[in-house]
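Just below is one structure, and these are the notes that go with it.
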Amino acid sequence: MRINFRLNGETITTEIEDSMRALDLLREDLGLTGTKEGCGEGECGACTIIVDGNAVNSCLMLAAELDGTSVETIEGLTGSDGKMHPVQRSFIDKGAVQCGFCIPGMIMSAKSLLDKNDSPSKEEIEAALEGNLCRCTGYVRIIEAVEDAASIIREDRK
Amino acid sequence: MKTSAPERERVVGSKVTRVDAVEKVTGLAKYAPDIYFDRMVHCALVIARKPHGILHKIDASRAQKLPGVFGIFTYKDVPGKNRLGEVVDDMPCLVAEGETVKHYGDVVAVVAASTQKTAEEAARKVRLTIEELPAVLDIEEARRDEIRIHGSSNVSVHKKIRKGDVSKGFSRADLIIEDNFMASYQEHAYIEPQGVVVLPDTDYGMTVYGSIQCPYYVQSSLSKVLGFPMSKVRIIQAETGGAFGGKEDVPSFVASYAAVAAYNLKRPARLIYPREIDIHTTSKRHPVKSRYKMGFSKDGEILAIEVDAYMDMGAYATLSPVVMFRTLVHAAGAYSVDNVSVDTYGVYTNKVPPGAFRGFGSPQVLFAVESMVDEASRRLGIDPVDMRMKNALREGSRTSTDQLLTESVGAVETLDKVNELSNWKELNERVEAFNRGSLFQKRGVGLSHIIYGVSLGAQGQHIDKSGAHVQINRDGSVDVRIGGTEMGQGAKTVMAIIAAEELGQKLSQIVVHQTDTAFVPDSGPTVASRTTMFSGNAVRIACKSLRERLVKLYAELNSCSEDEVELHDGMISCGQDKGMPFDELIEEAFKKNVKMFEAGWYQSPVLEWDPESGIGQAYITYSFASQVVVVEVDMITGNTKVLEAYTVHDVGKAINPEGVIGQIQGGFVQGMGYALSEDLKMLNGRILTDNFNTYIIPTIRDIPRVFKYGIVEDEFSEGPYGAKGIGEPSLMATPPAIANAISRAIGRRIRHIPATPEYVLNVIKEDAE
Ligand code: FES
Ligand code: FES
């Protein structure tokens, strides 16, 4: 079948198999390998992308469901000038990155949260990132990074 | 010499940004599943789904017919030796017809197809005829030897320590405690599963890109399985999404399976494990059953310790004999004890073979020995900190293997610091006050004090060495290549700091490349918290030679004394002159044909060790840690929550303090999962908890509200800038601290980890002792 959607600001029209997962469309057909697969069952969050503003697990979604939506992946967060999104910057500055495999998913969940709420409490951050597993960092720095990004975003809006 | 000893160390110990962070936050970093080649095939494994039996027939006829299947490869298609195993080669690469299947998850065939989905579908269609044999599923059954898994006795490894005379020690004791402990499995649960891409290369050999902790292990395994000389097997580590020991020897197996497909098809072959295959077939932390007997004087001195520990090796030895050495040396804990007797045994069972996991056989026994010491302090009415203090190792003390400690013994300092950091006395009062007012929620404070032998130790000294290659390019950029690997722990950043420090080049101009066996000779494995010391020393040695040449050249060009030349942050200067940028000096060096590359090599100092008595220098040095946690136990559900954590580590020297803190935090949370929630359930040898919905690792919601850490820097003269290791000790202090805290909270001893709610509830319900 043929689907049409917005991907990181560009219009995509593509032919897909009915049973294809959104994750495989992105990674294999479109070459966007920044989105990761850690469990394939909606349990780890490594495959998180943003669809119409909401963070979702792309391993549980059919590619067909993307038809007519607007999709953001980690690759879309860095501007064409190479400028990183504040969440990306804060993850670096706060030392929230170790092996990095969970990081694109973490960042997409955090971005989706901050798009809706630029002053999240610790509890709100935890709720937004609960579905994203990280085995390296112990999460402490990740929370700090999201708080830091929120303050930068608030500053920028002023 | 002045040139090789910089007066001020400016980059070392400062706060720097991880050198590999940008690629990781932008999604550009290339992990094994992100690497694609033209004509690449996708592989899936056919595994035996019986714990024990004779494999009579492999029938691939139905699978072969599926469109898109390129080949199904069995033992018949292995070009070289059909054997695997880093220490003992007791494991087939692919189980042959007529051979026995020894655990659920033994690999029988590799399917190669046009897509992952097709490969997996075909793998499911391969029929295996297995005549089931009775299986050995626990340590006790294995010890009875009624069924012998490998023909000889199941109890195939035994190591011991005999120091002093334990019976004399016990006869003097005022208090003797005996108890049994069980530490169960832990799954690594790296978020990136195992994966490799293997391709026939332009040197007429095979190149592997993979999620790999120990590339030289993969190289030697592949050379055997393919029947290729090692010179035709090249291993390039892809970005690796966590390993924790789980990618130590396992990638040798993964790469071998894919290589059989690549070899037969003459095409690139990709094998990425689905999470379930990863959990069913790959290594774990060993289950260890231990019996402890300890004697104490009434003022808390440990007079004697006797330990038997049985380790479940699963169906194949893999790394178990080496893991057991660490179990042996750490079994008596972090104390100075005159009379020690330890026996550790490795037993075969029909289960998945455990292997290396952060701590490498020591967390299981440290949990036990710290529980014993805690129990003694409770019974003797001695404060737990004082109890540890009394027996702690100091300079001039002797370890359980009678090794004399002469330097870098920060043990007491970690205890002092954790006492202060946690506000120990007040914390205990606070918790007691809470408990007086609460019936169903009980809090407890737990302490642990641990030791960690750095690097491979006496039994691994033959492979304890590391190389490095450093090259300065014409534009002043620097290539650093090491034999150790970056798995997330921050090795690249530490190496870049060392190179920048020694060469005086800017950190941003240093590139630490992915590890590649074509550039650096066999440097041993990236394990045992040894990379900072071993690869770090090798890089430092290489850079020092280059630095000397640069100093000499600058002194010549500017007619000044070599002694006065300074290299720092991309500038070279002498006395009060205006200096020269690093890249300009390099340009001069190129014009004068000065050699701008260097190899570094560092090997372990020789350790004296007697395997018969277990006496001698077990490790080159030791790291120490002390930890305090506060837990709250729900007395109705048995559920435990960690509320506060205070942890202090003696690391020798924190070359990259940010990285050390990251290890401390991550290790704590991984240790917390091991202590509480990570319960690997098995039924008849089959793992039931084969994904993250049933195997529960800590989430962002589980971390303690209060989390404070301290770093002690008691420098080690052999380490670069005094550094020891932190990768593993970061985890090791946590399980005993949590177990002791629960025991204090509920007033009964925890003897099993993970201390799941069901287990804790059972302990609460036991009759009072
Ligand atoms: S891969 Fe989608 S949630 Fe784990
Ligand atoms: S950084 Fe490794 S899993 Fe999060």
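Letters A, B, ... are given to chains in the order of the sequence lines, protein chains preceding strands, and every chain is numbered from 1.
In this structure, K708(B) places its NZ atom where only 12 or fewer heavy-atom neighbours from other residues, nucleotides or ligands lie under 6.0 Å away. Around atom CD of E130(A), more than 12 heavy atoms belonging to other residues, nucleotides or ligands sit under 6.0 Å away. Within a 6.0 Å radius of NZ in K116(A), more than 12 heavy atoms belonging to other residues, nucleotides or ligands are found. Dense packing is recorded around CD of E123(A), with more than 12 heavy atoms of other residues, nucleotides or ligands lying under 6.0 Å away. Atom CG of D38(B) has 12 or fewer neighbouring heavy atoms from other residues, nucleotides or ligands inside a 6.0 Å radius.
Only the side chain of R18(B) comes within less than 4.5 Å of a heavy atom of chain A; its backbone N, CA, C and O stay farther away. Of the atoms belonging to I664(B), not a single heavy atom falls under 4.5 Å from chain A. Heavy-atom distances place the backbone of E37(A), and not its side chain, under 4.5 Å from chain B. Both the backbone and the side chain of A189(B) come within less than 4.5 Å of a heavy atom of chain A. Neither the backbone nor the side chain of A96(A) comes within less than 4.5 Å of any heavy atom of chain B. Both the backbone and the side chain of I191(B) have a heavy atom closer than 4.5 Å to some heavy atom of chain A. D34(B) touches chain A through backbone and side chain together, each having a heavy atom under 4.5 Å away. E23(B) does not touch chain A: none of its heavy atoms, backbone or side chain, sits under 4.5 Å away. Contacts between V669(B) and chain A at a heavy-atom distance below 4.5 Å involve the side chain alone, from C-beta outward. In this structure, the portions of S19(A) lying under 4.5 Å from any heavy atom of chain B include both its backbone and its side chain.
Between G241(B) and C99(A) the shortest heavy-atom distance is C-SG, 3.3 Å. Closest heavy-atom contact between Y31(B) and F101(A): OH-N, 3.4 Å. Closest non-hydrogen pair, G38(A) versus P193(B), comes out as O-CG, 4.0 Å.
Annotation: maximal heavy-atom pairing with chain A below 4.5 Å, among E276(B), Q670(B), E192(B), occurs at E192(B). Note: L129(A) leads T73(A), T78(A), L129(A), I142(A) in heavy-atom pairs under 4.5 Å with chain B. Ranked by heavy-atom pairs shorter than 4.5 Å toward chain A, the options Q489(B), E678(B), E486(B) are led by E678(B). For the set A243(B), A29(B), G666(B), the count of heavy-atom pairs under 4.5 angstrom toward chain A peaks at G666(B). Counting heavy-atom pairs under 4.5 Å between each of T137(A), T35(A), D24(A) and chain B puts T137(A) at the top.
Side-chain atoms of R135(A) and P698(B), non-hydrogen and from C-beta on, do get closer than 4.5 Å to each other. At a threshold of 4.5 Å between non-hydrogen side-chain atoms, the residues F668(B) and V140(A) do not count as touching. A heavy-atom distance below 4.5 Å is not found between the side chains of R701(B) and Y139(A). Proximity of L77(A) to T26(B): side-chain heavy atoms (C-beta onward) are nowhere separated by under 4.5 Å.
Remark: the backbone N or O of N691(B) is not paired with any side-chain donor or acceptor of E43(A) at under 3.5 angstrom. In this structure a side-chain-to-backbone donor-acceptor pair under 3.5 Å is missing from R275(B) to E41(A). Side chain of Q665(B) to backbone of G138(A): no donor-acceptor contact under 3.5 angstrom is found.
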Checking K117(B) against R21(A) for the side-chain contact (heavy atoms from CB on, under 4.5 Å) test, could you report, in this order, the C-alpha distance in whole Å, the side-chain angles of both residues, the deciding distance, and whether it holds?
CA-CA 11 Å; K117(B) 225 170 146 185; R21(A) 302 182 303 173; over 6 Å; no
Apply side-chain contact (heavy atoms from CB on, under 4.5 Å) to residues K24(B) and Q98(A) and explain how you reach the verdict.
CA-CA 9 Å; K24(B) 288 175 174 176; Q98(A) 288 192 27; over 6 Å; no
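Considering I107(A), V87(A), I74(A) in turn, I107(A) is the only one that fulfils the side chain to side chain contact (heavy atoms under 4.5 Å, CB included) rule with V25(B).
Here I700(B) contributes atom CD1 and M106(A) contributes atom CE; the two are 6.0 Å apart, rounded to the nearest 0.5 Å.
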